[in-house]
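Here the structure comes first, spelled out in structure tokens, and everything after it is commentary.
Side chains included, hydrogens not; waters and symmetry mates left out as well; all remaining heavy atoms used. Along the sequence shown, the residues carry numbers beginning at 1.
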Amino acid sequence: MAGSPQPGDEPSLPFGFGHLELNDLLRMLQSSGPVNWEIAAQVATHLATDGETEPPVEAATGEQLEELARAAQTHVVAETGLAATFTAPVRSFGRRGWAELHLDALRPVMEALAVTLGGAFGGGDATLTGAGGGDPMAGLLPMIAPLLLGVQAGSMIGYLAQHALGRYDLPLPTADEPSLCFVVPNLDAFEEAWSLERADLRFTVALHEVVHAAVRSVPWVRERLVGLATEYVSAYEVDPTVLGARLGHIDPNDAESLQQLAERPEELLGAMTSPRQTELLAALRRFHAVLDGYADDVLRRIGERLVPSFGCIHEALARHRLERGEATRFVEQLLGLTLERDDYEAGAAFCAGVVERVGPDALNRLWEAASFTPTEAELAAPGLWLARIELNL
């Protein structure tokens, strides 16, 4: 895909800070909140579009995708009983539209991370002296935090926009109401790269979007996604010694050194990981595994029945999910969203085990209450989960 980063490429900002005078840089550092969303929007848009103007989505394409989405809703509701998905709006747009939507949808989690980072930067003279060596850096570090988070949020969202086919390729902790989205240029590129039949691909992606939107229409599911991610980013703890070593090269009079820091979230977050995040990360991965396993089970049951080339499309989508280059790097390091093939397989095996034993209606009980989320032991042994929920009949 044109403009997409290749695995192993180093991320780079779409514009440098090196040409700025210090006064210009300091003006850029001014932010009314914990994240500089103006910078985030500039970075996300440039990365998403490769700095080019996108043509509008053709009206006929938008109409076709909306028809497919409405048809998919009927089939998904029949399988899941989650009728609230009928109210989800349908949007067809380019990569820029996807990026703009997610700048807002991911704002609560990114601002929670920014508050944590800002607290670390303002956490005392010893920390800041170790990081920069002297009063100038101590004064500048709290100002840098909104800019860095703006660049890193924009980079993450911009890279994801290059790959996204819809809203729910990854279980991102979005706080807004569910919607059904199609990123048309990415769909077209994916179709061409894999030589897929257009109508089959678009209907399969519509089914995928609708299943995930249906699950997120359950209020506690959306709250849990955002809550787990917020807990994770809020659990970062600064190690003054490590932070000082990693930030010691920053020169407050050299804008290029600030750019280098903004491009590499691991420079900061690697100095702030905490033991508490290990437990939170396990809970995140388990919940995401269940979400994706359930969605894939519903998608497979409908797709195998209605989509002639479903097998080829399903395999291509599975490969696409695991091959995102720099997009994965930023998501993992900023939000703790580390999803490996083992996670997907564990979720799929759990759902298949439940359906095999007692049928899909029992699997739909996952969304009745947060307490029905499988434990680690239950994820590995679906019979344990079934035994527990039967007590709540």
Side-chain angles (χ1 to χ4, degrees), residues 1-7 9-15 35-58 61-62 65 89-110 149-176 178-193 201-202 205-206 208-209 212-213 229 262-263 265 316-317 319-335 337 339:
M1 185 184 304
S4 297
Q6 300 302 312
D9 287 352
E10 286 295 329
S12 59
L13 300 187
F15 47 84
V35 178
N36 189 320
W37 290 107
E38 180 182 355
I39 292 295
Q42 291 179 35
V43 174
T45 298
H46 192 102
L47 283 174
T49 64
D50 203 26
E52 300 177 356
T53 301
E54 289 185 304
V57 173
E58 295 181 1
T61 298
L65 290 169
V90 181
R91 306 174 186 178
S92 299
F93 41 39
R95 298 167 187 163
R96 177 172 184 158
W98 191 97
E100 290 173 346
L101 175 63
H102 288 82
L103 283 167
D104 287 333
L106 291 170
R107 184 180 292 243
V109 173
M110 291 306 304
L149 265 295
V151 171
Q152 290 169 357
S155 296
M156 177 183 71
I157 290 168
Y159 280 122
L160 287 173
Q162 292 181 353
H163 294 264
L165 303 178
R167 285 210 71 178
Y168 305 117
D169 293 22
L170 284 172
L172 296 173
T174 50
D176 59 331
S179 60
L180 312 176
C181 297
F182 300 91
V183 188
V184 176
N186 291 351
L187 277 171
D188 290 346
F190 186 72
E191 171 195 324
E192 181 179 357
L201 171 63
R202 290 184 173 184
V205 172
H208 180 273
E209 286 289 289
H212 281 278
E263 290 174 346
L317 290 172
R319 292 277 298 277
H320 176 75
R321 183 167 54 187
L322 293 168
E323 297 172 358
R324 292 190 180 89
E326 288 301 334
T328 300
R329 174 177 176 266
F330 273 85
V331 169
E332 288 178 354
Q333 291 172 343
L334 292 178
L335 303 180
L337 245 177
L339 292 175

> If you round to the nearest 0.5 Å, how far is CD of Gln42 from CD1 of Ile39?
Replying inline: 4.5 Å

> Rounded to the nearest 0.5 Å, how far apart are CE of Met156 and CG of Leu149?
Replying inline: 10.0 Å

>> Less than 4.5 Å apart, side chain to side chain, heavy atoms only: is that true for Pro178 and Tyr168?
In response: yes

>> Check for me whether Arg167 meets the cation-pi criterion with Trp98, that is, NZ or CZ under 6.0 Å from the six-membered ring centre and within 45 degrees of the ring axis.
In response: no

>> With a 3.5 Å distance limit and no angle check, can you tell me whether Glu209 reaches the backbone of Cys181 through a side-chain donor-acceptor pair?
In response: yes

> Is there a side-chain contact between Ile157 and Leu47, using heavy atoms and a 4.5 Å cut-off?
Replying inline: no

>> Are Leu187 and Leu165 packed together at the side-chain level, in the sense that at least one heavy-atom pair is separated by less than 4.5 angstrom?
In response: yes

> Tell me, do Leu101 and Arg91 make a side-chain contact under 4.5 Å, heavy atoms counted?
Replying inline: yes

> Mind checking whether Pro89 and Leu180 have side chains closer than 4.5 Å, heavy atoms only?
Replying inline: no

> Phe93 versus Glu100: any side-chain heavy-atom pair under 4.5 Å?
Replying inline: no

> Taking the side chain as C-beta and beyond, is there a heavy-atom pair between Asp169 and Arg321 under 4.5 Å?
Replying inline: no

> Are Leu335 and Met110 close enough that some pair of their side-chain heavy atoms sits under 4.5 Å apart?
Replying inline: yes

>> Using salt bridge (Lys or Arg N to Asp or Glu O under 4.0 Å), reason through Asp176 and Arg107 one step at a time and then give a plain yes or no.
In response: CA-CA 10 Å; Asp176 59 331; Arg107 184 180 292 243; over 6 Å; no

> Does the Asn36 side chain pair with the main chain of Glu38, one donor and one acceptor, at a distance under 3.5 Å?
Replying inline: yes

>> Let's go through Phe190 and His320 carefully: what are the C-alpha distance in whole Å and the side-chain angles of both, what is the deciding distance for ring pair (Phe, Tyr, Trp, His ring centres under 6.0 Å) to 0.1 Å, and is it a yes or a no?
In response: CA-CA 9 Å; Phe190 186 72; His320 176 75; 5.2 Å; yes

>> Looking at Asn186 and Ala161, would you say the former's side chain and the latter's main chain have a donor-acceptor pair under 3.5 Å?
In response: yes

>> Quick one: does any side-chain atom of Ser155 pair with a main-chain N or O of Val151 as donor and acceptor, under 3.5 Å?
In response: yes

>> Please determine whether the number of non-hydrogen atoms from other residues, nucleotides or ligands lying under 6.0 Å from atom CZ of Arg96 exceeds 12.
In response: no

>> Before you tell me yes or no, could you show the steps for Trp37 and Leu103 under side chain to side chain contact (heavy atoms under 4.5 Å, CB included), namely the whole-Å CA-CA distance, both residues' side-chain angles and the distance that decides it to 0.1 Å?
In response: CA-CA 8 Å; Trp37 290 107; Leu103 283 167; 4.1 Å; yes

>> With side chain to side chain contact (heavy atoms under 4.5 Å, CB included) as the criterion, how do Leu65 and Val184 come out once you've worked through the C-alpha distance, each side chain's angles and the decisive distance to 0.1 Å?
In response: CA-CA 9 Å; Leu65 290 169; Val184 176; 3.9 Å; yes

> Measuring from His102:NE2 to Leu160:CG, what's the distance to the nearest 0.5 Å?
Replying inline: 8.5 Å

> Checking Glu54 side chain against Arg95 main chain: does a donor-acceptor pair fall under 3.5 Å?
Replying inline: yes

